Peer 1: 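I'd like to ask some things about the structure below.
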Amino acid sequence: MARGVQDLVHLELGEPDFRMPEHVTEAAIQALRDGFTKYTPNAGLEELREAISEKLKRENQIDAGPNGEILVTAGSMEALSLSVLSTVNENDEVLIPDPGYVSYAAQVLLASGVPVPVPLREENDFRLKVGDLEKVVTKKTRLLIMNYPSNPTGAVALLEDLKEIADFVTGHDILILSDEPYERLVFPGSRHHSIASLPGMLERTITVFSFSKSYAMTGMRIGYAVSARELIRQMTKMQEHYVACVNTVAQKAAVAALRGPQTCVEDMLKEYTRRRDVVVEGLSKIKMMTCRKPAGAFYAFPNTSKSGQDSRTFVTNLLKEAKVATVPGVAFGKLGEGHIRLSFATSIENIREALRRMSEYCAKMSPR
Ligand SMILES: Cc1ncc(COP(=O)(O)O)c(C=O)c1O
């Protein structure tokens with residue numbers, strides 16, 4: 001609907017508005033000049049797997065060796081896909097977050113599995129609770145997909161939640177697929193923890209990371225999966241038949257991203273933090289909405305149920321009347337209903353203008 005609408009403020013897009021850092025771009029250009037245009041090993045360039053292994057120890061407290069426990073993939077998307085395909089058999093049930101990223105259910109269906117939503121409740125700050133897992137687990141449950149920092153809610157898991165979830169999955173003998181592409185986008189006061197860093201959890205968890213959001217390089221299509229040797233072996237076998245290996249230039253760029261200065265990541269985070277504060281403050285003044293403060297990623301997920309409109313109607317009207325594009329919460333699952341997703345991967349000026357338009361538009365509505 002947004003396509004072709006003039007003078008629209010875009011808050012619907014889920015990708016960084018920053019340029020890929022200069023030193024990463026230079027490394028990609030140099031790689032082309034140096035002839036890095038051939039296949040690499042299926043699992044990825046050794047120097048990249050080594051850089052990833054060091055990063056995992058340093059930042060995620062995950063102890064995974066470069067040979068056998070790491071697979072470089074075409075974005076986190078391919079890692080998710082290979083993870084699901086290599087663990088889920090026909091009719092296996094997979095617990096997916098609701099609201100959650102749209103591709104999880106699709107990937108499970110592609111593997112002939114059955115997606116089973118687990119509610120993430122607003123009153124729990126959209127954090128996954130074992131009580132809710134207990135209500136949906138069955139003997140057929142094979143995998144639990146988790147995503148923190150979360151798209152679309154901006155929630156970040158607490159360490160104590162992760163410990164409880166780890167005990168739960170161990171008790172039920174379930175594997176975890178932990179999708180962590182926003183690991184570096186965590187605002188001051190919160191901390192990201194990888195569930196695979198907890199004792200005994202590497203063996204039962206496939207953790208998926210990405211360069212897309214941390215280094216604003218979505219189009220380079222590069223990420224990686226980390227897990228126990230046997231799982232990575234199966235995924236690497238599939239890699240051969242899907243893409244053989246990830247684009248070699250992107251792999252060289254990723255080495256530069258990990259080994260180079262990290263000030264670019266810190267600077268982007270500072271700017272996202274500033275934007276998050278402007279969004280939350282602006283939304284707090286709009287009577288039709290209430291919004292929890294996102295702790296990570298670059299999304300706000302305000303509750304719009306006071307308007308009396310379902311989220312699709314609300315978003316459609318906002319687009320037509322206020323010329324602001326957002327995403328209906330129901331697109332992320334049934335429990336997303338009554339919410340909209342705003343992305344603050346856009347300039348402060350755009351955000352201020354969107355807030356002004358939304359506030360003017362909502363002022364004309366009467367609350368339910
Ligand atoms: C939660 C989540 N997972 C995975 C992806 C895919 O990212 P990429 O394949 O670029 O790493 C996205 C992209 O928006 C996302 O939000």
Side-chain angles (χ1 to χ4, degrees), residues 10-18 20 24 44 48 52 55 70-85 94-108 110 115 117-118 120 126-128 143-157 176-186 192 194-195 206-226 235 239 242-243 246-247 250-251 253-254 257-258 265 268 272 294-301 326-327 329 331-333 336 341-346:
H10 292 275
L11 299 187
E12 82 280 28
L13 303 174
E15 74 173 339
D17 57 320
F18 298 103
M20 184 163 87
V24 182
L48 176 55
I52 290 171
K55 174 264 178 189
I70 293 168
L71 171 67
V72 177
T73 56
S76 43
M77 201 72 115
E78 195 215 355
L80 292 172
S81 165
L82 296 181
S83 306
V84 172
L85 285 168
V94 180
L95 307 182
I96 58 166
D98 180 2
Y101 181 52
V102 291
S103 291
Y104 302 140
Q107 304 244 359
V108 172
L110 282 169
V118 189
L120 302 182
F126 298 109
R127 290 180 352 247
L128 182 62
L143 187 67
L144 161 66
I145 303 185
M146 294 175 35
N147 165 229
Y148 291 105
S150 154
N151 175 10
T153 68
V156 170
I176 291 187
L177 172 52
S178 185
D179 184 24
E180 306 181 13
Y182 299 94
E183 55 160 338
R184 304 289 295 271
L185 305 184
V186 177
H192 173 67
S194 290
I195 195 161
I206 306 174
T207 315
V208 168
F209 296 99
S210 179
F211 290 86
S212 289
K213 319 285 174 170
S214 305
Y215 298 96
M217 48 195 276
T218 43
M220 296 295 272
R221 309 308 303 128
I222 183 158
Y224 48 100
V226 187
M235 290 167 66
Q239 170 94 312
Y242 275 89
V243 295
V246 172
N247 175 329
Q251 293 194 51
L258 287 180
V265 182
M268 285 188 269
Y272 285 128
F298 40 60
Y299 306 106
F301 201 58
T326 57
V327 183
F332 302 96
R341 189 194 76 172
L342 313 177
S343 156
F344 42 91
T346 186

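Order of listing sets the numbers, starting from 1, for every ligand and every atom in it. The shown structure was predicted, so the numbers you read here are calculated from the model rather than taken from an experiment.
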Peer 1: Could you report the tightest heavy-atom contact between Gln239 and Leu82, atom names first, then the distance?
Peer 2: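 Closest pair (atom of Gln239, atom of Leu82, distance): OE1-CD1, 3.8 Å.
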Peer 1: May I ask you to test the Asn247-Ile222 pair for a side-chain heavy-atom distance under 4.5 Å?
Peer 2: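 Result no, sub-4.5 Å side-chain heavy-atom pair not found.
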Peer 1: Which pair of non-hydrogen atoms, one from Asp179 and one from Ser76, has the smallest distance, and what is that distance?
Peer 2: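 In this case the closest contact between Asp179 and Ser76 is OD1-CB, 4.0 Å.
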Peer 1: Applying side-chain contact (heavy atoms from CB on, under 4.5 Å), name anything that partners Ala345, two or more places apart in sequence or on another chain.
Peer 2: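 Partners of Ala345 by the side-chain contact (heavy atoms from CB on, under 4.5 Å) criterion, ordered by chain and then number, come out as Asp17, Tyr272, Phe298, Ser343.
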Peer 1: Taking the six-membered ring for Trp, are the ring centroids of Tyr182 and Tyr101 within less than 6.0 Å of each other?
Peer 2: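 For Tyr182 and Tyr101, the ring centres are not under 6.0 Å apart.
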Peer 1: When you check ligand 1 against the protein, what N or O pairs turn up below 3.5 Å? List the atom names and distances, or just say none.
Peer 2:
| residue | atom | partner | partner atom | Å |
| --- | --- | --- | --- | --- |
| ligand 1 | 3 (N) | Asp179 | OD2 | 2.6 |
| ligand 1 | 7 (O) | Ser76 | OG | 3.2 |
| ligand 1 | 9 (O) | Ser76 | N | 3.1 |
| ligand 1 | 9 (O) | Met77 | N | 3.0 |
| ligand 1 | 9 (O) | Arg221 | NH2 | 2.7 |
| ligand 1 | 10 (O) | Ser212 | OG | 2.6 |
| ligand 1 | 10 (O) | Arg221 | NH1 | 2.7 |
| ligand 1 | 11 (O) | Ser76 | N | 2.7 |
| ligand 1 | 11 (O) | Ser76 | OG | 2.6 |
| ligand 1 | 11 (O) | Ser210 | OG | 2.6 |
| ligand 1 | 11 (O) | Ser212 | OG | 3.4 |
| ligand 1 | 14 (O) | Lys213 | NZ | 2.6 |
| ligand 1 | 16 (O) | Asn151 | ND2 | 2.8 |
| ligand 1 | 16 (O) | Tyr182 | OH | 2.7 |

Peer 1: How about Arg127 and Tyr148: does a side-chain donor come under 3.5 Å of a side-chain acceptor?
Peer 2: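 Checked: Arg127/Tyr148 side chains show no N/O donor-acceptor pair below 3.5 Å.
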